[in-house]
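Written below as structure tokens is the structure these notes are about.
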Amino acid sequence: MSSNTVAIRCRAVQSADLTTDFTDQAAVLIQRLVADGAALGWTAPPSRAEVADLVWEVVDDGPGDASFVVAEVGDEIAGLGFWRRYLRPTYRPHADLEKVAVSPDFQGRGLAHEIVRRLVDSARDAGIEMLTLDFRGDNAAAERLYASHGFREYGRLPGFVAPGEGQRYDRVMQVLDLRPTA
Ligand SMILES: CC(C)(COP(=O)(O)OP(=O)(O)OC[C@H]1O[C@@H](n2cnc3c(N)ncnc32)[C@H](O)[C@@H]1OP(=O)(O)O)[C@@H](O)C(=O)NCCC(=O)NCCS
């Protein structure tokens, strides 16, 4: 069956899902994107162990303090992303959304939209007041994706992102205010 006809499922990950196969799939997805130059915060593809530690950390934080979402095509992880409550005690009402990533094989089909929609819904359900994120200034796909979910720029640091020798990009910081309007 071609991937065009296989159902895409988007869901929150639980501890019971975290087999080595699962975290390896997440690692392979991220490694491939980073090797292709994706702006996900790494200058070189992270190891499988590093990605596994990250996934475990987020999922262990639990539904009130974090959510890790995957989009699956059949048994394959096609996309992922997560949010985590800030650790700093004075920032605890808020969370940061990170690492939204879709496999090049499945980009352009709305998977990132679905992942972000799920993450925003779960953040709202967890009582998160402000959901922040940041991305590299040349990331047009990220800019368009987050704008359509209501994120608004609150700051920009020119030349802040330094992925390699002589390379400088803006860091764009955005927020989605989830507080109920008075
Ligand atoms: C950004 C990314 C997650 C988008 O995933 P995707 O599943 O292809 O995105 P979707 O199909 O859901 O489309 C999301 C929006 O991005 C837009 N988009 C996707 N690729 C784009 C591109 N190359 N240039 C401009 N806009 C693009 C889409 O048009 C869509 O906007 P629209 O609904 O207004 O048309 C994916 O390109 C990716 O994994 N990139 C590498 C990792 C990364 O940069 N993540 C963001 C870090 S903050």
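Each ligand, and each atom within it, is numbered from 1 in the order the structure gives.
- When atom types are taken as modelled, the side chain of R118 and the backbone of V69 share no donor-acceptor pair closer than 3.5 angstrom.
- In L133, neither the side chain nor the backbone holds a heavy atom less than 4.0 Å from any atom of ligand 1.
- Ranking protein heavy atoms by distance to atom 19 (C) of ligand 1, first place goes to A141 CB, 3.8 Å.
- Nearest protein heavy-atom contact of atom 12 (O) of ligand 1 is H113 N, 3.0 Å.
- Checking side-chain atoms of K99 against main-chain N and O of F82 turns up no donor-acceptor pair under 3.5 Å.
- Of the possible polar contacts, one joining the R85 side chain to the G64 backbone as a donor-acceptor pair under 3.5 Å is found.
- In this structure, atom 41 (C) of ligand 1 lies nearest to the protein heavy atom A38 CB, 3.7 Å.
- In the model, W56 has no side-chain atom that pairs as donor or acceptor with a side-chain atom of S15 under 3.5 Å.
- Looking only at protein heavy atoms, the nearest one to atom 44 (O) of ligand 1 is N139 ND2, 2.7 Å.
- No N or O atom of D134 sits closer than 3.5 Å to an N or O atom of ligand 1.
- Residue contacts with ligand 1: V102 is placed with a nitrogen or oxygen under 3.5 Å of a nitrogen or oxygen of the ligand (distance criterion only).
- Protein heavy atom closest to atom 8 (O) of ligand 1, with residue, atom name and distance, is G108 N, 2.7 Å.
- No side-chain donor-acceptor contact under 3.5 Å links R156 to the backbone of M173.
- Taking distance alone, with nitrogen or oxygen atoms compared against 3.5 Å, L40 stays at or beyond that limit from ligand 1.
- Residue Q107 touches ligand 1 through backbone and side chain together, judged by heavy-atom distances below 4.0 Å.
- For the side-chain contact (heavy atoms from CB on, under 4.5 Å) test with F151, the passing option among L97, V172, D177, V175 is L97; the others fail.
- Between the side chain of E57 and the main chain of L54, no donor-acceptor pair closer than 3.5 Å is present.
- Of all protein heavy atoms, the one lying nearest to atom 29 (O) of ligand 1 is R144 NE, 3.7 Å.
- Annotation: cation-pi pair R88/Y91 present, NZ/CZ under 6.0 Å from the ring centroid and within 45° of its normal.
- Residues I30 and W42 are in side-chain contact: their nearest non-hydrogen atoms beyond the backbone lie under 4.5 Å apart.
- Closest heavy-atom approach to atom 5 (O) of ligand 1 within the set A112, A39, A101: this belongs to A112.
- In terms of polar-atom proximity, V100 is counted as a contact of ligand 1, with an N or O under 3.5 Å from an N or O of the ligand.
- Distance check: F22 CZ to D75 CG gives 11.5 Å after rounding to the nearest 0.5 Å.
- Between F135 and ligand 1, no N or O atom pair is found at a separation short of 3.5 Å.
- No part of R136 comes within 4.0 Å of ligand 1, judged by heavy-atom distances.
- Atoms of ligand 1 lying under 4.0 Å from at least one heavy atom of R109, given by number and element, are 11 (O).
- Those atoms of ligand 1 that come under 4.0 Å of a heavy atom in G110, given as number and element, are 10 (P), 11 (O), 12 (O).
- In terms of the ring pair (Phe, Tyr, Trp, His ring centres under 6.0 Å) criterion, residue partners of H149 (sequence neighbours excluded) are, by chain and number, H113.
- Among the atoms of S148, none of the N or O lies under 3.5 angstrom from an N or O of ligand 1.
- Applying the salt bridge (Lys or Arg N to Asp or Glu O under 4.0 Å) test to every pair with at least one member in residues 35-54, sequence neighbours left out, gives these pairs: D24-R48.
- Backbone and side-chain nitrogen or oxygen atoms of Y146 are examined, and none is located within less than 3.5 angstrom of a nitrogen or oxygen of ligand 1.
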